[in-house]
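Here is the structure we will look at.
The chain is numbered in sequence order, starting from 1.
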Amino acid sequence: MAPGPVPQDPGRDEDPGRVPPWPDWMDDPAYLTARPADGDPGDLDLAEDVEDPDDAPVPDVDEDELIAVADQITADQARLAAVTARLGLTAAMASDAAVVSGRRGPGMPGSAEPFPGVYASRASGFASGKPLDVAPGSLTLGQFLEEAAGADDRYPGAGDDELAGAVAGWDRVEAYVSSRKHAAVAEFIRRRPAPGCVLEGPAQMPAGFDEFAVRELGAVLGETRGIAEDILCLASALEVSLPGTKAAFRSGTVSQRKAMVMGEATALLDPGEARAAEAMVLGRAGGLTPPALRAAITRAVLQVAPGKAKARREHAAKRTRVERWAEGSGNAGLAGRELPPAQVLAADQRVTAWARELRKAGLDGGIDALRARAYLDILLGMDSRPLGSRPDGTPGRMAEDPGSGGGGRSCPSGPWVPAPGGPLAGVIPPGFTGHVNLTVPATTVLHLADRPGELGGIGPVDPDLARDLAEAAARNPRSTWCVTVTDKDGHAVGHGCARPVKRRKPGGRDPPGGPSFTFSPADQPGPRGGYGTWRFTAGQQDFLIEIGPLPAGDCDHRHEARGHDPGVTLRHLTEVRNATCTGPGCRRPASRADFEHNIPYEAGGRTCLCNGDPKCRHCHRMKQDPRWKAEHLPGGFIEWTMPSGRQYVTEPTRYPI
């Protein structure tokens, strides 16, 4: 420190902490004689004809505008001070909040250097480097965002930088809210421990949760069993194994998707190993995309516990499966999951090889479209190449490779190609009709309206595809036909199965436009209380269909079986009314479920529509659990009472109407 007081106006280039020495020349008599008695030497660096800028006249300024700007600056400063206080940030923390609290955008660090300028909009706090731009996720931050958005979510007065900050702010709030939801789920797990598990460790969590907790949570959230299980597993991992991820999730540095990536990758590690792997990637998790984060945490797991990484792969391989689903476009998807990597690569190369053969044959489309076509060719034994496109001029059939065990041949000069045994591409394969249920409104089949159909295992299909599938079924003499009458909500209230009265003529052919359909009343009366008898023609086959009622209120027990097992008709009608398992959120097809007595047969329960419905084995055991209760309601509705006391009603299948 300086030994004495610091002068208030030190020299321009002098040390402000020292008193400058008095120059000797200022005491020189010659200097004093030459200096005017009342003159000021001024700044010796300025020429006499240069105007002092400090003495320049004040420019014309609108006084009201100047006052408004000053007021706005004062208001902004007051607002930012209030924001800082509400978010619990000191002034020093606000300028460096990027280091503490997260990011402006998904995974992007906030700016510690605010841009100069005055921000006048309600979103001013979300500009680069401002306190709200780098504040952690919270409900308070959500309130500021709601105010900035305005009544119509148009962010009045906000610039692009402020709007980007608002988008990132909502992202942090979303992560914050999701983290709090998972914390609530963790408490739910503590109250639903698996049998024999006790609360242990610093987090007081059980080693596992009750098997029916998945169904209960799924019913509460309206989610599938798989999604509910993912939420439960992540909630447990955040409490026990991934405290750093939990904190980053709570602040908004990582999203739910990224937290899920961390949880899945470390699932088989013990808590200590999981924290070690987490520490290797958490610092940059916010800036990585989910696929990049998955690769990073996988490498970390391999370094921390290579043996358990192998065990994880082998454990997941036990869940190998083929999945199918409906695409949002109306098409469908098919994929194998958890397959051996080497075989997947080999299969992928085989698909590419046949796709190249299709390209050589002149098929149009990019490599993705050709690979998709090749994929189906190989699975269905089809050949999509145009007839006569092979070098020898023969149709697209190839001999099997004796060394391959069937299913293909090896070209001496080329890759493997399939040995097709089915129809050409674009034709619906005949095996389709024997293995799936197709539901199509009669008005669609008869070309009276364009209403969607539904394909079992896939979902809704557009009217044109529904007609094409129905025509394919009509060409197959083994196809069976039923008619279901629905109420205004699509619930089945009547049903009848077709009885053939005229077989397909040997050698008969359908008209050029394809099989035709007719549906008209027959002379015979229908079943008592039913919807009449109808004559149905599908291509070259004629049927009679007697449509009987399905009870919507009191049951007349007309289809009751005398013993424990339902008859063929009762089982079929049960599956018509409830096409899937009646457990909460369960979508297992009724054909793969059991006929479940609501009141046990041994306790006097009827084997009837009013006391039976399809349940998979898992939901059957859940219903047997004393903490759960299932009660039949009229019309095929099932009311479930969960351990919490909440009630969930599953409704009968809604058919296209």
Side-chain angles (χ1 to χ4, degrees), residues 215 437 439 456 480-499 525-534 544-626 628-641 647-655:
R215 284 280 188 239
N437 290 326
T439 304
T480 58
W481 303 84
C482 297
V483 172
T484 300
V485 179
T486 69
D487 61 15
K488 61 182 180 61
D489 295 319
H491 299 142
V493 294
H495 185 80
C497 297
R499 175 168 50 88
R528 176 175 53 86
Y531 297 87
T533 300
W534 298 77
L544 283 178
I545 304 177
E546 296 181 351
I547 304 176
L550 289 175
D554 295 335
C555 182
D556 59 9
H557 314 301
R558 70 175 64 190
H559 299 295
E560 181 180 3
R562 294 184 178 181
H564 176 275
D565 297 331
V568 175
T569 299
L570 176 58
R571 174 69 190 244
H572 177 64
L573 293 177
T574 302
E575 295 176 4
V576 167
R577 189 173 61 182
N578 296 98
T580 62
C581 170
T582 57
C586 188
R587 298 288 296 168
R588 182 176 292 273
S591 59
R592 294 164 51 193
D594 297 328
F595 180 91
E596 165 77 13
H597 291 77
N598 186 60
I599 299 175
Y601 178 77
E602 296 78 7
R606 295 175 179 268
T607 305
C608 185
L609 274 171
C610 59
N611 190 51
D613 59 274
K615 285 190 180 72
C616 68
R617 295 295 173 89
H618 179 84
C619 293
H620 165 75
R621 290 190 295 105
M622 184 171 68
K623 181 249 182 185
Q624 299 295 96
D625 190 293
W628 289 75
K629 180 182 178 181
E631 182 180 356
H632 270 229
L633 303 178
F637 292 84
I638 311 294
E639 182 182 77
W640 291 82
T641 302
Q647 294 182 324
Y648 182 97
V649 177
T650 60
E651 68 171 330
T653 299
R654 287 180 178 248
Y655 288 97

Minimal non-hydrogen separation, [X] against [Y], with atom names:
X      : Y      : value
Asn611 : Ile599 : OD1-N, 2.9 Å
Tyr531 : Gly494 : CE1-CA, 3.8 Å
Leu609 : Pro551 : CD1-CD, 3.8 Å
Trp640 : Met622 : CZ3-CE, 3.9 Å
Cys555 : Cys610 : CB-CB, 3.7 Å
Pro614 : Thr580 : CG-O, 3.7 Å

Test item: [X] and [Y] side chains (from C-beta on) under 4.5 Å apart, heavy atoms:
X      : Y      : result
Ile638 : Glu631 : no
Trp481 : Val483 : no
Pro549 : Val493 : no
Lys623 : Asn598 : yes
Thr574 : Phe595 : yes

Can I get a per-line list of side-chain donor-acceptor pairs under 3.5 Å for residues 583-593, giving both atom names and the distance, sequence neighbours left out?
none

Pairs touching residues 564-586 that satisfy ring-ring contact (aromatic ring centres under 6.0 Å, His included), sequence neighbours left out: His495-His572, His564-His597, His564-Tyr601

Supply the atom-to-atom distance [X] [atom1] to [Y] [atom2], rounded to the nearest 0.5 angstrom.
X      : Y      : atom1 : atom2 : value
His559 : Leu550 : NE2   : CG    : 7.0 Å
Thr439 : Tyr655 : OG1   : OH    : 6.0 Å
Glu560 : Arg562 : CD    : CZ    : 10.0 Å
Arg558 : Leu573 : CZ    : CG    : 10.0 Å
Cys619 : Asp594 : SG    : CG    : 11.0 Å
Leu544 : Trp534 : CG    : CH2   : 12.5 Å

Heavy-atom donor-acceptor pair, [X] side chain to [Y] backbone, under 3.5 Å:
X      : Y      : result
Arg215 : His618 : no
Thr582 : Asp613 : no
Asp487 : Asp489 : yes

Report the residues that fulfil side-chain hydrogen bond (donor to acceptor under 3.5 Å, both in side chains) with Glu575, sequence neighbours left out, ordered by chain and then residue number. Arg571

So for atom CZ, which belongs to Arg621, do other residues, nucleotides or ligands contribute more than 12 heavy atoms lying within a distance under 6.0 Å? yes

